[in-house]
Amino acid sequence: LTKTKQKNKMAHLITVTDSNNQELLFNLDTAISFEKGQHGQTIVTTRWGRTDIRESLEEIMEKYKQTSDPTWITQKNV
């Protein structure tokens, strides 16, 4: 039963823009925190480090909510 549940884990993906204007596919499941930066950017902390992105906290939430069928990737597809 445990192995079956692990195979069906899904990732919640959105596209964001980093501070170098590069588009990134970001896995929201890896985020530990989102904070407003001093220059309008958002600072995302993950277990591997931190990334500055151009989207605001509100834009990130809106991107996630607008996706009626979120991008899901299961371990079976990888």
Side-chain angles (χ1 to χ4, degrees):
L1 185 63
T2 305
K3 288 183 181 180
T4 303
K5 285 184 178 181
Q6 288 177 345
K7 286 183 181 179
N8 293 327
K9 284 188 176 182
M10 298 176 194
H12 300 90
L13 305 173
I14 62 169
T15 55
V16 296
T17 309
D18 71 8
S19 57
N20 296 317
N21 266 348
Q22 297 294 312
E23 190 173 65
L24 306 173
L25 185 60
F26 193 84
N27 182 348
L28 293 172
D29 298 328
T30 64
I32 295 171
S33 68
F34 292 82
E35 304 169 49
K36 287 185 180 184
Q38 292 181 350
H39 304 287
Q41 86 280 20
T42 299
I43 303 164
V44 183
T45 304
T46 69
R47 50 189 155 193
W48 300 285
R50 56 181 264 170
T51 304
D52 288 3
I53 59 173
R54 294 188 179 268
E55 288 78 5
S56 68
L57 295 171
E58 293 79 17
E59 289 170 317
I60 294 167
M61 287 297 297
E62 195 58 36
K63 279 186 173 203
Y64 181 71
K65 288 177 185 177
Q66 281 179 358
T67 311
S68 58
D69 184 19
T71 305
W72 301 103
I73 295 180
T74 63
Q75 289 180 355
K76 289 181 184 178
N77 298 335
V78 176

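Here, residue 1 is the first one in the sequence, and each next residue gets the next number.
Partners of Glu23 by salt bridge (Lys or Arg N to Asp or Glu O under 4.0 Å), not counting sequence neighbours: none found. With sequence neighbours left out, the salt bridge (Lys or Arg N to Asp or Glu O under 4.0 Å) criterion links Asp18 to no other residue.
A salt bridge is absent between Glu58 and Lys63: the closest approach of a Lys/Arg side-chain nitrogen to an acidic carboxylate oxygen does not fall below 4.0 angstrom.
Of the inter-residue distances, the one linking Phe34 atom CZ with Ile60 atom CD1 reads 5.0 Å to the nearest 0.5 angstrom. Put simply, CD1 on Ile14 and CZ on Phe26 are 7.5 Å apart, with the number rounded to the nearest 0.5 Å. To the nearest 0.5 Å, the span separating OG on Ser19 from CZ on Arg54 amounts to 6.5 Å. Interatomic distance, CD of Glu59 versus OG1 of Thr17, reported as 9.0 Å (0.5 Å rounding). The structure places CG of Leu24 at 8.5 Å from CD of Glu55, a figure rounded to the nearest 0.5 Å.
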Acceptor/donor pairs from residues 44-53 side chains to any protein atom, 3.5 angstrom cut, sequence neighbours excluded:
from: Thr46; atom 1: OG1; to: Trp48; atom 2: N; distance (Å): 3.2
from: Thr46; atom 1: OG1; to: Gly49; atom 2: N; distance (Å): 3.4
from: Thr46; atom 1: OG1; to: Gly49; atom 2: O; distance (Å): 3.3

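Side-chain atoms of Lys36 and Leu57, non-hydrogen and from C-beta on, do get closer than 4.5 Å to each other.
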